[in-house]
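First comes the structure, then the notes that go with it.
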Amino acid sequence: MALAFDEYGRPFIILREQESKTRLRGLDAQKANIAAGVAVSRILRTSLGPKGMDKMLQSPDGDITITNDGATILEQMDVDNQIGKLMVELSRSQDYEIGDGTTGVVVLAGALLEQAEKLLERGIHPIRVAEGFEISSRIAVDHLEQIAHKFDFNATNIEPLVQTCMTTLSSKIVNRCKRSLAEIAVKAVMAVADLERKDVNLDLIKVEGKVGGKLEDTELIYGIIVDKDMSHPQMPKQIEDAKIAILTCPFEPPKPKTKHKVDIDTVEKFQTLRKQEQKYFDDMVQRCKDVGATLVICQWGFDDEANHLLMHRNLPAVRWVGGVELELIAIATGGRIVPRFQELTTEKLGKAGLVREKAFGTTKDRMLYIEHCANSRAVTVFIRGGNKMMIEETKRSIHDALCVARNLIRNNSIVYGGGAAEISCSIAVEAAADKYPGVEQYAIRAFADALDSVPMALAENSGLSCIETLSAVKAQQIKENNPCCGIDCNDTGTNDMREQNVFETLIGKQQQMLLATQVVKMILKIDDVISPSEY
């Protein structure tokens, strides 16, 4: 720790307990921070692209997650280092804003840090490096605008959306059925999208999974699935043109709010009480029947007596349905949630064309499907798979695909994937470096080199020799002036990403470059780290 002395040469203390703190200053601090950031990005580098590897993470309580979604890997990794945490937040913010490209953004930030370290060793001031990176990120983002293509789609022609979603899904475990899953994701988004406002509310899409079956059995249901069954085994399993009463009040006699005690000293009084209770139940069931309900969905339970009565009166019911599901059912069927029995009226009933109970496999697992609703603005993606980990990973993949479809509806510009956009930006940034006379041009060239790291990682993960492949593609781009040439990861024999149908959203790519540059600037500006030393 640095000591300060007064004019008599006596040391005095500036920091509290300074002998128990460690301090890194100047270039050492920057190098330590850069090393931490690069270490995190190296972990993710191998899971980039269609041939990327998956990571297996075990949580403290023994749950296992297998995934290659950048944001999920970093969330579960429990990073302790402060700069490492910045990288985790970087991929999380990409996930919140765009939903896709969470691995690429961390790989890019790591490459920028590696380049920055070389510049710092040459003695260039970190602020100048940061400014150079800022200039180059602006050049790259503007260049992306120029090479972007507009995609025209409408409710009938959704093929462009499907192609872009397939690019997202090709790097996941589920890539063998990427076509069907991409179609499901796009149809789900189109069902809930508001095309005039260019807005999509992803809360209306429920993603539900059930172990068993195979991935190909995954389906899109224009309605809601509830993981419940009818409360009585003899109730009808299928109701057509159902009128649904959605209740949040308990199906039982009211209890006084205060503490209460009923004294019963004769058999007659007991009989009276029992009759009163029965009459109360009778009235409740009759009330539902009078309004015209043919199915009751209740948030709370009801006892066997009520169940028996409902069965006798031929009124099917479902109990213990969660609040979120109730809301979705209400949105889908156009019903109103009724908090009190007295308020139940015909207008508040939801309508559904078909309510059916479906059993799965040989187990007693049953689920309730509510389909053909009056307002099919709420849909469910129902995933099947061999085991729980597969289903969880498929849910994450579907989420990415849904986000990509939503981004395309918001802004229908695309750039070409497979590293093509990065190589094109790298050439543009390199060309622009000559216009800047100061030290910044070193940083601008370094940014161009860092952009090449994404296609290099793609080539490396695909088992190609990365330097040869990259230089061949770069030469082809410059020669043909064609920003669609990328790394041929799937070995189809063509570098043209238009023919391979590999697309990425423009806003996703721009966000990646801006976020990565911001985080790297922040890390470069730190030159003093004071931390309590561990005992």
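Given the structure is predicted, the values throughout are model-derived calculations rather than measurements.
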Qualifying salt bridge (charged side-chain N to carboxylate O under 4.0 Å, His left out) pairs, either residue in residues 384-394, two or more places apart
Glu393-Arg396

Test side chain to side chain contact (heavy atoms under 4.5 Å, CB included) on Leu108 and Met513 and set out the steps.
CA-CA 8 Å; Leu108 182 58; Met513 295 194 182; 4.1 Å; yes

Main-chain N/O of Gln58 paired to Gln76 side chain as donor or acceptor, under 3.5 Å
no

What verdict does the salt bridge (Lys or Arg N to Asp or Glu O under 4.0 Å) test give for Glu208 and Lys395, after you've listed the backbone C-alpha separation in whole Å, the side-chain angles of each residue and the deciding distance to 0.1 Å?
CA-CA 8 Å; Glu208 189 72 56; Lys395 276 187 185 175; 5.6 Å; no

Flag yes if more than 12 heavy atoms outside Ile64 fall under 6.0 Å of its CD1 atom; otherwise flag no.
yes

Would you sort out whether Tyr416 and Val502 count as a side chain to side chain contact (heavy atoms under 4.5 Å, CB included), showing the intermediate values?
CA-CA 6 Å; Tyr416 290 96; Val502 179; over 6 Å; no

Any luck finding a side-chain donor-acceptor pair between Asp61 and Ser59 under 3.5 Å?
yes

Hey, mind stepping through Thr248 and Val338 against side chain to side chain contact (heavy atoms under 4.5 Å, CB included) and telling me if it holds?
CA-CA 6 Å; Thr248 52; Val338 181; over 6 Å; no

With side chain to side chain contact (heavy atoms under 4.5 Å, CB included) as the test, pick out the partner of Ile244 among Val318, Val296, Leu295.
Leu295

Over all heavy atoms of both residues, which pair between Ile224 and Ala378 is shortest? Give the atoms and the distance, please.
CD1-CB, 3.9 Å

Taking atom types as modelled and ignoring hydrogens, do the side chains of Ser231 and Asn307 form a donor-acceptor contact shorter than 3.5 angstrom?
yes

Is the CZ atom of Arg42 crowded by more than 12 outside heavy atoms at less than 6.0 Å?
no

Answer yes or no: is there a donor N or O on one side and an acceptor on the other, between the side chain of Asp100 and the main chain of Glu504, under 3.5 Å?
no

From Leu247, Ile329, Val355, residue fulfilling side chain to side chain contact (heavy atoms under 4.5 Å, CB included) relative to Ile297
Ile329

Looking just at side-chain N and O atoms, do Thr46 and Lys55 make a donor-acceptor pair shorter than 3.5 Å?
yes

Going by distance alone, is a donor N or O of one side chain under 3.5 Å from an acceptor N or O of the other, for Ser426 and Asp452?
yes

Pairs in or reaching into residues 324-333: which pass salt bridge (charged side-chain N to carboxylate O under 4.0 Å, His left out), with residues at least two apart or in two chains?
Lys206-Glu325

Over 12 non-hydrogen atoms of neighbours within 6.0 angstrom of CZ in Arg356:
yes

